[in-house]
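Whatever order the structure lists ligands and atoms in, that order sets their numbers, starting from 1. Because only heavy atoms are used, hydrogens play no part in the values below, and waters and symmetry mates are left out as well, while side chains stay in.
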Amino acid sequence: MSSVIKSVSIIGAGLMGAGIAQSIAAAPALIAKGVAVTLVDVGEDRLANGKKIISSSLARVAKKKFDGDKAQADAFVADTLARITFSTDAGLAAAHSDLVVEAIVENLDAKQKLFRDLDTRAPKTTIFASNTSSLPISEIAKSTLSRRDRFAGLHFFNPVPQMKLVEIVRTQELSDTAYASLKDLVVGMGKVGVECKDTPGFIVNRLLVPYMLEAIRMVERGEASKEDVDIAMKLGAGYPMGPFELADYVGLDTTKFITEGWFASGKGLQGKELVSPPASLGKLVEEGKFGRKNGEGFYKY
Ligand SMILES: CCCCCCCCCCCCC[C@H](O)CC(=O)SCCNC(=O)CCNC(=O)[C@H](O)C(C)(C)COP(=O)(O)OP(=O)(O)OC[C@H]1O[C@@H](n2cnc3c(N)ncnc32)[C@H](O)[C@@H]1OP(=O)(O)O
Ligand SMILES: NC(=O)c1ccc[n+]([C@@H]2O[C@H](COP(=O)([O-])OP(=O)(O)OC[C@H]3O[C@@H](n4cnc5c(N)ncnc54)[C@H](O)[C@@H]3O)[C@@H](O)[C@H]2O)c1
């Protein structure tokens with residue numbers, strides 16, 4: 001049994017939030033149901049950046065979808081953008097939402113503060129979800145008073161318009177109804193939802209990050225070059241990106257920050273050494289080289 005989600009607010013119009021809003025606004029099944037989507041950020045400049053991310057992504061999708069027909073492609077982009085409401089008022093957006101998805105900075109205090117504030121504004125029936133890569137959902141949910149049965153992780157993957165997977169993270173308190181509602185929305189987005197427990201890294205990051213870090217350590221040990229490791233994993237394991245390309249893609253700062261947190265806490269992690277942050281990762285971040293997002297990481301862009 002699920003309760004239908006007819007209005008969604010995404011808080012955080014950055015790389016992920018913009019992609020989530022776009023994916024909802026462009027989903028035929030959700031358009032048919034009249035699902036409304038609002039994208040929220042702290043200032044007009046951040047909303048403009050989010051709109052730019054969505055517009056350029058839609059342009060790539062439209063070019064393929066309409067086989068270069070510029071008029072149809074432009075109309076598709078304009079129509080999809082028109083289905084997104086842009087706002088700087090998270091409280092007002094939450095007050096009119098069946099689901100609030102948070103995609104703000106990967107910081108527990110910031111996420112807890114946001115949900116504490118929204119808990120007083122959103123209807124009791126509203127489901128809260130976090131797109132966090134690594135923070136425990138149960139810790140984020142602590143900031144709400146009586147919504148633990150409607151608080152989940154909804155972990156999308158980068159780039160959201162392209163990546164089909166969504167991890168639906170269940171705490172012990174999440175109700176079956178809320179889970180089913182989230183699953184229906186994910187299916188309506190044309191994506192595939194998998195269920196996982198609220199454990200470090202959920203499914204993908206728990207496996208992906210130790211692999212990425214071991215690749216960095218392999219190069220530090222002089223066993224292979226980063227270029228050959230990337231080639232090997234693309235041709236040998238069929239990955240679309242090698243580990244160094246992927247680390248640059250998701251952000252070296254994010255990866256270092258999060259793995260340091262996990263290594264320090266070691267909570268719930270078997271084999272802590274698997275996530276010990278390699279020296280060369282830290283050196284690049286100290287030099288301000290974060291990957292694709294600012295032009296240089298392991299590679300130059
Ligand atoms: C042990 C405890 C651990 C604790 C936790 C630690 C966490 C550490 C933090 C890590 C960081 C966070 C990670 C996050 O939580 C989870 C993730 O997101 S992991 C990343 C997952 N993503 C991937 O693995 C990406 C793999 N790469 C690809 O799929 C492809 O390379 C690509 C990105 C899709 C790009 O494709 P390419 O062929 O390489 O290049 P193109 O540019 O030609 O694109 C191909 C095709 O796709 C279309 N496209 C690409 N990007 C977009 C976009 N943004 N919008 C729309 N369309 C896009 C493009 O048009 C092309 O289409 P075509 O023209 O070829 O038909
Ligand atoms: N980047 C990835 O590859 C990736 C993949 C999956 C999940 N995630 C997770 O998604 C979340 C967002 O990551 P991102 O890469 O999109 O970050 P980002 O820095 O691109 O975007 C974050 C946005 O949140 C906004 N913001 C910050 N505090 C806010 C607040 N209080 N209210 C409203 N807006 C606020 C910022 O202005 C910014 O626009 C993080 O939790 C991250 O771990 C990231």
Side-chain angles (χ1 to χ4, degrees), residues 9-20 22-23 26 39-43 45-50 53-65 87-91 93 101-115 117-118 130-136 140 153-167 199-213 234 239-243 245-247 249-263 265-277 291-293:
S9 288
I10 293 108
I11 317 295
L15 189 63
M16 297 305 287
I20 298 165
Q22 171 190 334
S23 299
L39 185 59
V40 178
D41 212 302
V42 291
D45 58 334
R46 299 303 307 162
L47 286 178
N49 183 61
I53 293 171
I54 295 170
S55 303
S56 60
S57 173
L58 283 172
R60 296 178 78 172
V61 172
K63 189 162 173 249
K64 278 190 295 183
K65 188 180 175 77
S87 169
T88 55
D89 189 338
V101 182
E102 165 274 311
I104 72 170
V105 60
E106 185 73 341
N107 175 288
L108 182 59
D109 292 343
K111 293 181 188 290
Q112 286 179 328
K113 180 183 184 312
L114 175 71
F115 280 120
D117 296 346
L118 299 185
S130 172
N131 184 52
T132 181
S133 296
S134 67
L135 297 169
I140 303 172
L154 206 53
H155 184 218
F156 292 84
F157 288 76
N158 180 10
V160 177
Q162 286 303 107
M163 305 303 284
K164 289 286 182 203
L165 181 68
V166 182
E167 289 175 331
T199 50
F202 313 134
I203 299 174
V204 173
N205 283 344
R206 185 60 171 268
L207 301 175
L208 192 67
V209 176
Y211 144 72
M212 286 161 66
L213 299 181
K234 285 188 282 189
Y239 288 4
M241 284 178 166
E245 292 167 331
L246 181 57
Y249 192 78
V250 297
L252 302 189
D253 49 340
T254 307
T255 305
K256 173 178 179 289
F257 168 71
I258 292 171
T259 41
E260 275 175 347
W262 279 115
F263 185 67
S265 81
K267 249 195 295 191
L269 276 182
Q270 288 70 37
K272 228 177 80 158
E273 66 285 347
L274 281 174
V275 290
S276 60
R292 277 196 191 195
K293 65 170 77 168

For Ala103, is the nearest heavy atom under 4.0 Å from an atom of ligand 2?
yes
Is the NZ atom of Lys293 crowded by more than 12 outside heavy atoms at less than 6.0 Å?
yes
Closest non-hydrogen atom pair, Gly242 against Tyr211
C-OH, 4.2 Å
Considering only heavy atoms from C-beta outward, does the side chain of Glu167 approach that of Asn205 to under 4.5 Å?
no
Check whether any side-chain heavy atom of Phe157 lies under 4.5 Å from a side-chain heavy atom of Val250, and answer yes or no.
no
How far is atom 1 (N) of ligand 2 from its nearest protein heavy atom, and which residue and atom is that?
Leu15 CD2, 3.8 Å
Using a plain distance cutoff, I'd like to know if Asn205 has any nitrogen or oxygen under 3.5 Å from a nitrogen or oxygen of ligand 1.
yes
Within-cut-off N or O pair, His155 and ligand 1, under 3.5 Å:
yes
Candidate with minimal heavy-atom separation from atom 42 (O) of ligand 1, of Gln162, Arg60, Lys63, Gln22
Arg60
Are Leu154 and Ile20 side-chain neighbours, meaning at least one heavy-atom pair lies under 4.5 Å?
no
Can you tell which part of Asn158 has a heavy atom less than 4.0 Å from ligand 1: side chain, backbone, both or neither?
both
Just let me know how His155 lines up against ligand 2, side chain, backbone, both or neither, with a heavy-atom cut-off below 4.0 Å.
side chain
Between atom CD1 of Ile258 and atom OG of Ser133, what is the distance when rounded to the nearest 0.5 Å?
4.5 Å
Starting from atom 3 (O) of ligand 2, what is the nearest protein heavy atom, named by residue and atom, and what distance separates them?
Asn158 ND2, 3.1 Å
Lys111 to ligand 2, any heavy atom closer than 4.0 Å
yes
Which protein heavy atom lies closest to atom 34 (N) of ligand 2, and at what distance to 0.1 Å?
Asp41 OD1, 3.4 Å
Does Glu102 use its side chain to pair, donor to acceptor, with the backbone of Phe115 at less than 3.5 Å?
no
Check if Phe156 has a non-hydrogen atom at a distance under 4.0 Å from any atom of ligand 2.
yes
Among non-hydrogen protein atoms, atom 32 (N) of ligand 2 lies closest to Val42 CG1, 3.5 Å
Are side-chain heavy atoms of Asn49 and Ile53 found at a separation under 4.5 Å?
yes
Whether Leu208 lies under 4.0 Å from ligand 1, heavy atom
yes
Could you tell me the residue and atom name of the protein heavy atom closest to atom 13 (O) of ligand 2, and the distance to it rounded to 0.1 Å?
Met16 CG, 4.0 Å
Is Tyr249 near ligand 1, meaning one of its heavy atoms is under 4.0 Å from it?
yes
Min over Ser133, Ser56, Gly19 of heavy-atom distance to atom 12 (C) of ligand 1 lands on Ser133
Using protein heavy atoms only, decide if any is under 4.0 Å from atom 41 (O) of ligand 2.
yes
To the nearest 0.1 Å, how far is atom 10 (O) of ligand 2 from its closest protein heavy atom, and which atom is that?
Asn131 ND2, 3.0 Å
Distance-only polar pair, side chains of Glu106 and Thr254, donor-acceptor under 3.5 Å
no
Considering only non-hydrogen protein atoms, determine which one is nearest to atom 11 (C) of ligand 2 and report residue, atom name and distance to 0.1 Å.
Ile104 O, 3.3 Å
Which heavy atom of the protein is the closest neighbour of atom 21 (O) of ligand 2, given with residue, atom name and distance?
Gly14 CA, 3.3 Å
Ranking Ser57, Gly242, Ala59, Pro159 by closest non-hydrogen atom to atom 56 (C) of ligand 1, top hit is Ser57
Do side-chain atoms of Thr259 reach the backbone of Thr255 as a donor and acceptor pair under 3.5 angstrom?
yes
